[in-house]
Amino acid sequence: MSPWPESNWTTPQEFVILGFSGWPQGLQQLLFAFLLPLYLATLAGNLLILGLAVVDPALYTPMYFFLGALSTVEVAYTLVLTPRMLAGFLLPPGGQVVARSTCAAQMGLFVALGGSECLLLAAMALDRYLAICRPLYYPQLMTTGLCWCLLTSCCAGGSVLALGLTTAIFQLPFCQGASVNHVFCDLPAVLVLACGNHQLQEQVLLAACLLLLVLPLALILLSYIRVLVVILGAGGPAGRHKAFNTMASHLTVAVLHYGCATAMYARPLSGRSLEEDKLVSLIYISFTPLLYPAIYTLRNRDVQRALQRAVSSRTAGSAPQADVS
């Protein structure tokens, strides 16, 4: 039970996101100038992959369907978190005041998108497993309908979990003020402000981490162990090289995503440093989403060729206009 008397329990209608408001103003402006180009590059990279997956017929395959969906989730993810974080660097000291509903919505969207991404990476691993280990049955198994069904299930699973966690946290009373020591309304940063017995909410959070992080990552690793055995035992050098590139790209993204998320959320509240969490959040908000399109475009020849075709067609289309002028 909470050491705070029930007379101090409140239901704040506003929260204050402290962010890095305690840092010198010059340092905050320097961070803004450094992180803004990263944010714009992240948006551009993910929108580029999404655009290529939509307009290029050569990428109308389940693999690039899921890659386009992943890019869509990443765009939404960064839109939910990054603009408000960047605005915090330019505001006067004291933090950003947000309504209770805004804080809850940001938390819910963050969990929904993050959870959907965790499940989507597992669906991508299933697609690669079927394509490489069951090539004869792959066209019949991985149909367009199944792709949409998997995508819908991933989004629904993340949304249901987000609704449950957000509701469980915001139904608690708060007795330690309404100052969120983070760059957004993150679950642990808000949960530590709650009073009463919130052990159940913490256990639910850890269980959600097990469900969304440990289990999908285990399935991904098991599927790619099987894929590795298959590609080493059959196929020519060219096929093995392409399969290795695809597997390496996906595994790199999975390790980055699950590694950062596990380090942030698969820990109890006791002994947690919110100041350290804020610094780590800069990595998974600003740097990790930027690496995803870079990994897939730099290592994926199909995406590279699609980009070349898009640039060539655009250049060919603009050439007559240039001649006339």
Side-chain angles (χ1 to χ4, degrees), residues 10-21 28 31-32 35-36 38-39 42-43 46 72-91 94-120 154-174 176-194 198 201-202 204-205 208-209 212-213 257 260-261 264-265 269 272 274-275 277-289:
T10 61
T11 305
Q13 298 306 309
E14 292 181 336
F15 287 87
V16 179
I17 302 177
L18 297 179
F20 297 96
S21 58
Q28 293 188 60
L31 279 173
F32 175 85
L35 295 177
L36 178 60
L38 295 183
Y39 170 60
T42 299
L43 283 180
N46 282 294
T72 303
V73 171
E74 281 298 318
V75 169
Y77 181 88
T78 54
L79 286 174
V80 167
L81 301 181
T82 310
R84 187 173 292 276
M85 181 189 73
L86 291 174
F89 291 124
L90 303 179
L91 294 177
Q96 303 179 67
V97 178
V98 297
R100 179 187 179 91
S101 58
T102 302
C103 187
Q106 187 183 50
M107 178 186 294
L109 288 172
F110 166 71
V111 177
L113 293 168
S116 300
E117 184 172 347
C118 289
L119 298 175
L120 188 56
C154 292
C155 296
S159 300
V160 170
L161 182 65
L163 180 61
L165 283 175
T166 305
T167 302
I169 290 177
F170 277 88
Q171 73 178 1
L172 292 170
F174 294 85
Q176 302 190 49
S179 297
V180 180
N181 190 15
H182 210 279
V183 295
F184 69 99
C185 288
D186 199 11
L187 286 86
V190 175
L191 188 55
V192 297
L193 302 178
H198 53 75
Q201 283 77 10
E202 185 174 354
V204 171
L205 176 58
C209 291
L212 288 180
L213 301 177
H257 179 78
C260 290
M264 282 297 299
Y265 300 106
L269 290 180
R272 178 186 289 268
L274 294 179
E275 291 295 332
D277 285 355
K278 284 195 297 185
L279 293 175
V280 175
S281 69
L282 292 180
I283 297 176
Y284 71 80
I285 292 177
S286 301
F287 292 95
T288 307

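Numbers for residues simply follow the sequence, beginning at 1.
- One distance of note links CG of Asn181 with CG of Asp277; it measures 9.0 Å at 0.5 Å rounding.
- Evaluation of the side-chain contact (heavy atoms from CB on, under 4.5 Å) rule for Thr167 yields Leu163 as partners, not counting sequence neighbours.
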Next on the checklist: side-chain contact (heavy atoms from CB on, under 4.5 Å), that's the test. Do Ser281 and Met85 meet it? Break it down for me.
Outcome noted: CA-CA 10 Å; Ser281 69; Met85 181 189 73; 5.6 Å; no
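- In this structure, His182 and Ala189 approach most closely via the heavy-atom pair CB-CB, 3.8 Å.
- Nearest heavy atom pair, residue Ser116 against residue Cys154, reads OG-O, 3.4 Å.
- Summarising the geometry, atom CG belonging to Leu193 is positioned 7.0 Å from atom CZ belonging to Phe15; distances are rounded to the nearest 0.5 Å.
- The side-chain heavy atoms of Ile17 and Gln106, taken from C-beta on, include a pair separated by under 4.5 Å.
- Rounded to the nearest 0.5 angstrom, Gln171 CD and Thr166 OG1 are separated by 11.5 Å.
- Taking the disulfide (SG to SG under 2.5 Å) definition, one finds that Cys185 meets it with Cys103, sequence neighbours left out.
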Checklist entry - Is there a side-chain contact (heavy atoms from CB on, under 4.5 Å) between Leu79 and Tyr39 once you walk through the steps? => result CA-CA 9 Å; Leu79 286 174; Tyr39 170 60; 3.1 Å; yes
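- Between Leu86 and the choices Leu35, Val183, Leu81, the side chain to side chain contact (heavy atoms under 4.5 Å, CB included) rule is met once, by Leu35.
- Under the 3.5 Å distance criterion, the side-chain polar atoms of Gln96 are matched with a main-chain donor or acceptor of Arg84.
- Annotation for Gly108 and Ala162: closest pair O-CB, 3.2 Å, computed over non-hydrogen atoms.
- Looking at residues two or more places apart in sequence or on another chain, you find a side-chain contact (heavy atoms from CB on, under 4.5 Å) between Leu212 and Cys118, Leu119, Leu161.
- Listed for the Thr288 side chain is a donor-acceptor partner under 3.5 Å among the backbone atoms of Ile283.
- Summarising the geometry of Ala112 relative to Ser159, their closest heavy-atom pair is CB-CA, 4.0 Å, with the distance given to 0.1 Å.
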Next on the checklist: The test is side-chain contact (heavy atoms from CB on, under 4.5 Å); show your working for Leu282 and Phe20 and say whether it passes.
Outcome noted: CA-CA 11 Å; Leu282 292 180; Phe20 297 96; 3.9 Å; yes
Item to check | Steps toward side-chain contact (heavy atoms from CB on, under 4.5 Å) verdict (Phe184, Val80) | outcome: CA-CA 9 Å; Phe184 69 99; Val80 167; over 6 Å; no
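- No donor-acceptor pair closer than 3.5 Å links the side chain of Glu117 to the backbone N or O of Val73.
- If you take OH on Tyr77 and CD1 on Ile285, they are separated by 6.0 Å, rounding to the nearest 0.5 Å.
- Residues Leu18 and Ser21 share a closest heavy-atom pair of O-OG, 2.8 Å.
- Listed here is the closest heavy atom pair of Tyr284 and Pro289: O-CD, 3.4 Å.
- Considering CD of Glu14 and OG of Ser179, their distance stands at 11.5 Å, rounded to 0.5 Å.
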